Amino acid sequence: MSNRPSSDAQPALRHLEQLMAQLLDGVILMDPTGVILSANAAALQMHGVAEAADLGATAEDYARRFSLRSHHGRALKTREYPLFRLLAGESFPDEIVGVVPDGDDEVRWVHQVRDVSMDVDGGDADYLALVISDVSARFDAEARFDAMFRANPAPALIVRLSDLRIVQANQGFLALTGFTEGQLRGKPIFGLDLLGALKDVDGVRSLLEAGQIVPQSEAELRVANGSRRLVLFAGQPIDVTQEDALLITFADLEPRRQVEQALAASERDLMAVFEMAPIAMAITRENDDTMFRVNAAFRQMTGVDLADRTARPATDIVRWATGEERRRAMDDVLEQGSLRGREARLRMPSGEEVDCLVSAETIRVDGAGCTLWVYQDVTEYRRSERELGVAIDEVMKDANWLSRSILDKLATLRRPQPSTPAAELTQRERQVLDLICDDLDDTTIAERLALSRNTIRNHVASIYAKLGVNRRSGAVLWGRERGMGSPGI
């Protein structure tokens with residue numbers, strides 16, 4: 001029996017070739033003996049040849065000219081080639097193969113092939129057709145996506161849309177959770193209970209099942225040891241895989257949560273110290289100078305309790321003797337970030353006046369700029385100091401009956417000597433103290449020495465610290481006892 005088609009079959013072959021020429025898919029036509037009868041232009045282009053003869057005269061000849069590989073890159077044996085499976089009567093809808101021309105080492109084309117058998121008279125197949133689609137571009141895109149997916153440090157999963165099972169996990173996700181890819185691949189994302197503490201579980205699941213974008217949402221991500229990490233995740237449909245899928249990416253929020261928890265615990269500790277401090281303390285906001293938090297000592301000193309942290313203007317609670325003094329204090333805090341031991345007379349809401357040493361420091365509370373104020377009540381100390389001075393003055397009015405040593409001690413009590421020697425003052429501090437002893441204010445001293453007022457204030461603060469005094473009169477007394485200032489002042 002001849003392998004050549006009968007005369008009745010010739011019109012059918014011509015018709016097939018005419019039909020093949022119009023197709024965008026490639027078609028290689030064989031007879032049942034493995035002879036390649038024809039191939040359309042699309043099939044030739046998909047093999048990089050110009051004529052059907054360049055494909056080979058038979059299936060065996062084709063196998064010598066082209067090497068085929070599986071989708072995963074494994075070299076196929078000859079019997080696994082689609083043409084030979086077609087001859088063996090196998091059916092293979094949508095098989096993926098890589099095509100390597102003879103003499104090359106790398107896959108040049110990726111084909112998706114399927115089988116078609118045709119008969120003329122209803123009996124055995126007279127023609128065998130291999131229908132080919134060139135999916136090289138798609139597989140190139142998949143390869144690029146796969147490389148990017150694996151290299152991306154951001155944790156991510158690919159989930160199959162049809163059953164919400166995990167197809168792939170990148171290294172970032174494995175490192176974050178401690179899972180191996182084998183523990184995740186093929187497992188349902190909800191069956192693993194990966195996403196916990198979702199605010200709207202049903203809503204997220206519905207979006208995933210529908211293949212829709214899942215907006216950024218917080219969740220507790222389960223990790224390999226059974227614990228949970230706070231994450232921000234989002235879902236995006238992708239079309240660079242062989243089946244519909246979703247890309248789910250994650251951002252690890254656990255370090256931020258731990259920092260926030262540590263800050264909250266630290267703030268609770270600080271607030272406990274703040275509340276228990278024996279010195280009056282209050283916190284004001286920088287933006288509007290309202291007082292919103294006070295401690296027990298402050299409440300006792302002022303009689304003001306800010307219930308439920310209700311903010312009130314600081315000037316409604318603590319009034320300075322003059323507005324100028326308060327403005328200078330505020331300017332110092334604004335410019336230098338702190339204030340140390342500033343003497344002030346403050347009027348309480350009850351109308352009582354209190355002598356205080358005021359200190360301040362800029363801080364942040366709940367991320368907002370604030371100022372911590374410390375008010376040390378020295379009213380009793382000042383009163384005792386004045387009373388002691390009056391008593392000494394009374395005793396020394398008639399000191400004939402006192403010995404010289406007692407007189408010296410009383411004089412020392414009346415005008416105590418500084419603990420810091422004068423030698424510790426810098427030349428500039430001596431100039432400033434000399435002008436202070438002439439009863440000049442800071443502004444005049446600044447003009448006299450061609451310095452800024454803030455610089456003079458810093459020198460004055462340094463002088464106070466070195467002399468062991470906390471007010472201007474003490475510095476003047478110290479200096480004049482040592483001959484400083486202009487004579488007759």
Side-chain angles (χ1 to χ4, degrees), residues 142 145-275 308-309 363-368:
E142 286 186 16
F145 173 81
D146 185 66
M148 179 189 69
F149 175 78
R150 290 187 177 278
N152 188 355
L157 293 173
I158 296 177
V159 176
R160 188 164 50 231
L161 184 59
S162 60
D163 55 10
L164 296 185
R165 291 180 180 271
I166 297 171
V167 176
Q168 195 172 354
N170 72 352
Q171 189 58 41
F173 187 87
L174 301 179
L176 175 65
T177 61
F179 286 114
T180 64
E181 191 160 6
Q183 291 174 306
L184 298 171
R185 188 185 293 273
K187 302 295 194 305
I189 188 170
F190 285 101
L192 285 175
D193 192 26
L194 284 180
L195 302 175
L198 287 170
K199 293 182 179 178
D200 184 6
V201 179
D202 293 338
V204 170
R205 185 161 191 158
S206 296
L207 291 173
L208 291 174
E209 290 174 344
Q212 297 179 1
I213 293 175
V214 180
Q216 289 186 345
S217 307
E218 285 191 3
E220 298 276 354
L221 178 65
R222 176 175 170 252
V223 298
N225 63 11
S227 63
R228 296 279 180 177
R229 296 183 70 88
L230 180 66
V231 296
L232 188 69
F233 79 97
Q236 172 70 45
I238 54 175
D239 57 3
V240 291
T241 58
Q242 294 186 58
E243 49 194 346
D244 292 337
L246 290 162
L247 174 65
I248 303 179
T249 55
F250 300 83
D252 187 9
L253 301 183
E254 187 63 25
R256 188 194 74 181
R257 176 164 70 173
Q258 291 177 358
V259 169
E260 289 175 348
Q261 290 174 344
L263 287 175
S266 176
E267 184 171 342
R268 286 193 299 270
D269 293 342
L270 288 175
M271 286 303 103
V273 174
F274 172 84
E275 179 66 21
D308 299 325
R309 298 186 183 179
I363 60 173
R364 299 193 72 80
V365 177
D366 298 330

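No hydrogens, no waters, no symmetry mates; every other heavy atom, side chains included, goes into these values. Predicted model only: the values in this text are computed from it and were never measured.
Residue pairs meeting the ring pair (Phe, Tyr, Trp, His ring centres under 6.0 Å) criterion with at least one partner in residues 180-205, sequence neighbours excluded, are absent.
For Arg228, the side chain to side chain contact (heavy atoms under 4.5 Å, CB included) partners are Asp193, Glu220, Arg222, not counting sequence neighbours. For Gln212, there are no side-chain hydrogen bond (donor to acceptor under 3.5 Å, both in side chains) partners at least two apart in sequence or on another chain. The side chain to side chain contact (heavy atoms under 4.5 Å, CB included) search around Gln171 returns Leu174, not counting sequence neighbours. The salt bridge (Lys or Arg N to Asp or Glu O under 4.0 Å) search around Arg256 returns Glu218, Glu260, not counting sequence neighbours. Qualifying side chain to side chain contact (heavy atoms under 4.5 Å, CB included) partners for Ser227, counting only residues two or more places apart in sequence or in other chains: Val223, Asn225. For Arg268, the side chain to side chain contact (heavy atoms under 4.5 Å, CB included) test picks out Ala264, Ala265, with sequence neighbours left out. Residues passing the side-chain hydrogen bond (donor to acceptor under 3.5 Å, both in side chains) test with Asn152: none are found, sequence neighbours excluded. When the side-chain hydrogen bond (donor to acceptor under 3.5 Å, both in side chains) test is applied to Arg229, the partners found at least two apart in sequence or on another chain are Asp252. Annotation: side-chain hydrogen bond (donor to acceptor under 3.5 Å, both in side chains) contacts of Asp163 (sequence neighbours excluded): Arg160.
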Enumerate, atom names and distances included, each donor-acceptor pair closer than 3.5 Å involving a side-chain atom of residues 177-186, sequence neighbours excluded.
| residue | atom | partner | partner atom | Å |
| --- | --- | --- | --- | --- |
| Thr177 | OG1 | Phe173 | O | 2.9 |
| Thr177 | OG1 | Phe179 | N | 3.3 |
| Thr180 | OG1 | Gln183 | N | 3.3 |
| Thr180 | OG1 | Gln183 | OE1 | 3.3 |
| Glu181 | OE2 | Arg185 | NH2 | 2.7 |
| Gln183 | OE1 | Thr180 | N | 2.8 |
| Arg185 | NH1 | Val167 | O | 2.8 |

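Two residues are said to be in side-chain contact when any heavy atoms from C-beta on lie closer than 4.5 Å; Val159 and Leu208 fail this criterion.
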